[in-house]
Amino acid sequence: MSAPPIKPVVTEREAREVAEAAREQDWRKPSFAKELFLGRFRLDLIHPHPMPPEEDARRGEEFLAGLRDFCETKVDGALIEREARIPDDVVNGLKELGAFGMKIDTKYGGLGLTQVYYNKALALAGSASPAIGVLLSAHQSIGVPQPLKLFGTQEQKEKFLPRCARTDISAFLLTEPDVGSDPARLATSAVPDGDDYVLDGVKLWTTNGVVADLLVVMARVPKSEGHKGGITAFVVEADSPGITVENRNAFMGLRGIENGVTRFHQVRVPAANLIGKEGQGLKIALTTLNTGRLSLPASCVAAGKWCLKIAREWSAAREQWGKPIAHHEAVGAKISFIAATTFALEAVLDLSSQMADENRNDIRIEGALAKLYASEMAWLIADELVQIRGGRGFETADSLRARGEKAVPAEQVLRDLRINRIFEGSTEIMHLLIAREAVDAHLSVAGDLIDPDKSLGDKAKAGANAGVFYAKWLPKLVAGPGQLPTSYGEFKREIDLSAHLRYVERTSRKLARSTFYAMSRWQGRMETKQGFLGRIVDIGAELFAMSAACVRAELLYTTEDHGREAYQLADTFCHQSRLRVEELFGRLWNNTDDQDRKVVKGVMAGTYTWLEDGIVDPSGEGAWIADATPGPSEKENLHRPVR
């Protein structure tokens, strides 16, 4: 029988080893972003821009037309915001449309849409109500369908995927009250017992968990005879005895999402429901997120498009000092930023999605960069819209409506977008994750040199290997096509984008040199330089976005009527991006990292508590982290399946 889970006590090194074991170790396919961080600008991997097959595009457009009609006639976003709930008839209507099976193969009853059209659908639905976008993406991007598609047995696919395609809602349960981005401390247990596993533990922030029919649960299997053990993934029926949804959580934004706290007490799960193998849970989660993260940039693109529309309409209607506010430079610069950045975000999303569909490239870094960059830039876009709207940007849509003005939910979009910088990997965690992948080539040849636990023999061998690698690699960082005025000439039309691509090529090599210098300087301490690594990743994100924007502009120039306008947006974005890149390079070596560490040490030691005088703390009583001791639930079950 099961025993009470014991919360693992792990060192920092042990936690890193767990994360390292979960990541994909090999690069079997080319990666544009990986090459970019190594100083190799492989434009051939993304240009000409990949395109979906005609039949895929036809089916995708057909579904989008039906979804648009549904969103325009059946979805009341303001109602969802006021009542903090998506009406059941809307959820059931989405089921009838097949929206819950967009990513599921047609042989299992799904629509079999490509990643490109899946993201277009999420953007469309999310513009009607961000809560609907989250409902659909949590179900398909990280819920039951995607892990089973990648790791499930044929029997599991036949059993669960038809349900997910039409009738059942799924959720993904990893986070715990005291476990976020450090899964090595996962406490929920799954103890083998005959042909079953017995689950005990508490899961937090279970998006869709309140209404889910099926759950993907990550739990720790203890090592024993016949069991490898480790963090393992299971498909769990949400109505199983012993499962209690103890709370429906409420948030700053995304008020309509069904996110809760779920307790497992002696929950029996058939061994047949184990996904993959014991100990593969984190690998399954990370692999699922490689493409699953692209759903988040889809919502960011939708927000950018809406912000642009509102900024354009409002800035034409509102006059100050004798002319529309758009014609004042201070406001005009904000509108230009919104338009150019939205163009780039869509370029990054579509390029990454099409690359995922083609499956010719490894997009683990591209998907992560898309999530990181879109979440940060969309937040800035929404903030600029609120500023353009002035006092009306701070006012709620209901209040605007009540006094006879257009009910523009600008403050809601700002609230709804804020979580994107946190979930599916916070910006800080994404910086570390991407940085680890970006320096993988270096660690592969020189990792033992900077590992304090390696023997002198291992270090000597690593030194020899590193010498061979760097003797070939470093000279290639000195010169390249970015120094030739004629390079990338196919991007030179009425507006010249070739100069921006030459800049990307030169800067890619500069970025690689900076990374190499930092590794030489800090060696084993490199992993502690999170400020430096974050800036390296942010530079790479800008270079990726510039590349995507130029490639998309060229595609639209050759296929659409507004190609010249696309070139103009790409040109403006690249100029804006280059300024950010130069600032980031300056901050690589000229920053306040050392001073910040001293202040933090003082803050945590209580040195500055005098600075906190003169306030009243309105926080309520309670523990910083809720008790998650295993045992039977003492609360009402709030599970509410939608039928």
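This one's a predicted model, so the numbers in the text were calculated from it and none came from an experiment.
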Cut-off 3.5 Å, side chains only: do Asn119 and Ser353 have a donor facing an acceptor?
-> yes
Quiz item: Do Arg263 and Asp200 come within less than 4.5 Å of each other through their side chains, counting heavy atoms only?
Solution: no
*Do Arg185 and Asp178 pass the side-chain contact (heavy atoms from CB on, under 4.5 Å) test, and can you show the C-alpha distance, the side-chain angles, and the key distance before you say yes or no?*
CA-CA 8 Å; Arg185 297 170 57 248; Asp178 198 26; 2.6 Å; yes
dist Ile284:CD1 -> Leu148:CG (nearest 0.5 Å) comes out at 9.0 Å
request  = Could you go through the ring pair (Phe, Tyr, Trp, His ring centres under 6.0 Å) check for Tyr373 and Phe544 one step at a time?
outcome  = CA-CA 10 Å; Tyr373 194 71; Phe544 179 41; 8.7 Å; no
Phe37 side chain reached by Ile365 side chain, heavy atoms, under 4.5 Å = yes
Note to self: As a quick check of understanding, evaluate side-chain contact (heavy atoms from CB on, under 4.5 Å) for Ile132 and Ile86, giving each step before the final call.
What the structure shows: CA-CA 7 Å; Ile132 291 178; Ile86 302 170; 3.9 Å; yes
TODO: Go through Glu96 and Arg166 one step at a time and tell me if the salt bridge (Lys or Arg N to Asp or Glu O under 4.0 Å) criterion holds.
DONE: CA-CA 7 Å; Glu96 292 173 8; Arg166 291 292 175 179; over 6 Å; no
Separation between CG (Leu414) and CE (Met252), nearest 0.5 Å, reads 8.5 Å
When rounded to the nearest 0.5 Å, the distance separating CG of Leu372 from CD of Glu376 is 6.0 Å
message = A quick test of your reading: do over 12 heavy atoms of other residues, nucleotides or ligands sit less than 6.0 Å from NZ of Lys34?
response = yes
Under 4.5 Å between any side-chain heavy atoms of Lys159 and Asn273, yes or no?
yes
Any side-chain heavy-atom pair from Val216 and Phe234 closer than 4.5 angstrom? no
*Check: Phe151 and Thr287 side chains under 4.5 Å, non-hydrogen atoms*: yes
Q.
Contact between Val236 and Leu214 at the side-chain level, heavy atoms closer than 4.5 Å - yes or no?
A. no
Salt-bridge present (Glu278, Lys228; N to O < 4.0 Å):
no
* Would you call Ile422 and Arg418 a side-chain contact if the rule is heavy atoms closer than 4.5 Å? -> yes
For Ala302 and Ser127 the tightest heavy-atom approach is CB-CB, 4.4 Å
Distance col, row Leu199:CG vs Ser189:OG, nearest 0.5 angstrom, shows 7.0 Å
So, Gln354 versus Glu358: side-chain donor-acceptor pair below 3.5 Å or not? no
### Query
If only atom types and distance count, is the side chain of Glu176 paired as donor or acceptor with the main-chain N or O of Thr188 below 3.5 Å?
yes
Problem set entry | Student check: side-chain heavy atoms of Arg360 and Lys29 closer than 4.5 Å | no
Q. Is Asp193 paired with Arg268 through a side-chain N to carboxylate O contact shorter than 4.0 Å?
A. yes
- Please report the C-alpha distance between Asp105 and Lys107 in whole Å, then the side-chain angles of each, then the deciding distance to 0.1 Å, and finally whether the salt bridge (Lys or Arg N to Asp or Glu O under 4.0 Å) criterion is met. CA-CA 5 Å; Asp105 196 290; Lys107 65 183 177 183; 5.2 Å; no
Could you walk me through whether Val537 and Leu369 satisfy the side-chain contact (heavy atoms from CB on, under 4.5 Å) test, starting with their C-alpha distance in whole Å, then the side-chain angles of each, then the deciding distance to 0.1 Å, before giving a yes or no?
CA-CA 8 Å; Val537 169; Leu369 286 174; 4.2 Å; yes
### Message
Quick one: does any side-chain atom of Arg59 pair with a main-chain N or O of Leu111 as donor and acceptor, under 3.5 Å?
### Response
yes
- Message: Check whether Asp627 reaches the backbone of Thr629 with its side chain - one donor and one acceptor, N or O, closer than 3.5 Å.
- Response: yes
dist Arg255:CZ -> Arg82:CZ (nearest 0.5 Å) comes out at 10.5 Å
field: No-hydrogen, no-angle side-chain donor-acceptor test under 3.5 Å, Thr207 and Asn259
entry: yes
Notebook entry, point to check: Is it true that the side chains of Glu366 and Ser352 contain a donor and an acceptor less than 3.5 Å apart?
Noted result: no
The reported gap from CD1 in Ile275 to NZ in Lys277 (rounded to nearest 0.5 angstrom) is 15.0 Å
Taking every heavy atom of Val134 against every heavy atom of Asn208, the minimum-distance pair comes out as O-OD1, 4.4 Å
Only residue of Arg643, His639, His139, Arg163 satisfying side-chain hydrogen bond (donor to acceptor under 3.5 Å, both in side chains) with Asp213 is Arg643
